[in-house]
Amino acid sequence: MNTFINAKDLGNLNVALKEALRIKKDRFSYKDLGRDKTLLMVFFNSSLRTRLSTQKAAMNLGMNTMILDINAGTWKLETERGVVMDADKPEHILEAIPVMGCYCDIIGVRSFAKLENKSDDYSENILKQFVQYSGKPVFSMEGATTHPLQSFADLITIEEFKTNSCPKVVLSWVPHPKSLPQAVPNSFADFMNEANINLVITHPEGYELDPKFVRKAPVEYDQMKAFRGADFVYAKNWSAFKDAYYGQILSEDHSWTIDIAKMNLTNNAKFMHCLPVRRNIVVTDEVIESSRSIVIQEAANREISSQTILKRMLETFKT
Ligand code: CP
């Protein structure tokens, strides 16, 4: 495996899922695979889970790890070609990336959408430049449009908690005071569709996601209706994707907050969220503290998700 950005990069998802569950049973069984290999994690944006879980996954595999926080102790990077660099950015990403590639064997990159220009964000320009110019295997630690490590962890979690072979999983838009990217819901839909999960998406009108990720998943504008019979509720806010409103907050409708009354409409559904989560806006204290909430187990599976990807990338050095 040389890149990991979308569900398809994993090949057969059932095979990947079985591999992840095997790793979870004995996460130190591959501790020689990463000996003398170095993972560089490059963060253009903040992180708690991705940073710790991916570092832990690399350590489980015997790797060395280096973390670079862009704009915190490094030179500010110019990312556009053709710019006269007379402002506050003394280094160009086109030199910085191959230099980073000299010091490591695998690179993880976090670079969020700026939500200013849809075609810029959806070009995944930063990730693509790392793929093109680093000379190393590259995986996304959340790009502008996808968060595959999160969604693979979500799929592992659903596999562990499901009580029937084809669970109904509802991806629900929820309110949020800040404008957020579509990366998590895009990837979630991508992985659920690829895994043949019974996915239903619910959001207020205007919040339609990129059809490339939604595919044939039904969209239900009535949240209560969508929740009926659900086995899992996956809450996430996102900003508008449509051209005219790209990156905007169209509604902060707090009637979409996940509360116990809504959870009681479901088939005793488990509550999921990628975290961090704003309590009593996205979900009530009562729901997130209840036995239905599996957000901590979900976050714990981030280690397994990352370890599966790193293991596959390390294995390519052996062939
Ligand atoms: N869910 C997730 O990616 O968390 P962090 O932003 O803390 O890494």
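We count ligands from 1, going down the list as the structure has it; atoms in each ligand are counted the same way.
In summary, the atoms of ligand 1 found under 4.0 Å from a heavy atom of Arg302, numbered by their order in the structure, are 1 (N), 2 (C), 3 (O). Ligand-side atoms of ligand 1 in range of Leu48: 5 (P), 7 (O), 8 (O), range being under 4.0 angstrom from any heavy atom. Atoms of ligand 1 lying under 4.0 Å from at least one heavy atom of Leu275, given by number and element, are 1 (N), 2 (C), 4 (O). Proximity to His147 (heavy-atom distance under 4.0 Å) selects the following atoms of ligand 1: 2 (C), 3 (O). Residue contact check: Cys274 has heavy atoms under 4.0 Å from atoms 1 (N) of ligand 1.
Of the listed residues (Arg49, Arg110, His273), the one carrying the non-hydrogen atom nearest atom 6 (O) of ligand 1 is Arg110.
In this structure the side chain of Val219 never reaches within 4.5 angstrom of the side chain of Thr202, judged on heavy atoms.
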Inset, instruction - May I have the step-by-step check of ring-ring contact (aromatic ring centres under 6.0 Å, His included) for Phe241 and Tyr122, ending in yes or no? - result: CA-CA 10 Å; Phe241 168 74; Tyr122 274 71; 5.2 Å; yes

Inset, instruction - Before giving the answer on ring-ring contact (aromatic ring centres under 6.0 Å, His included), spell out for Phe188 and Tyr234 the whole-Å C-alpha distance, their side-chain angles and the decisive distance to 0.1 Å. - result: CA-CA 9 Å; Phe188 189 75; Tyr234 193 95; 3.9 Å; yes

Inset, instruction - Kindly indicate, with the supporting measurements, whether the criterion ring-ring contact (aromatic ring centres under 6.0 Å, His included) is fulfilled by Tyr221 and His203. - result: CA-CA 5 Å; Tyr221 296 118; His203 57 72; 5.5 Å; yes

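Heavy-atom contacts from other residues, nucleotides or ligands closer than 6.0 Å to CE of Met224 number 12 or fewer.
Not a single N or O atom of Arg51, backbone or side chain, sits closer than 3.5 Å to an N or O atom of ligand 1.
Of the listed residues (Lys212, Lys8, Arg215), just one forms a salt bridge (Lys or Arg N to Asp or Glu O under 4.0 Å) with Asp190, and that residue is Arg215.
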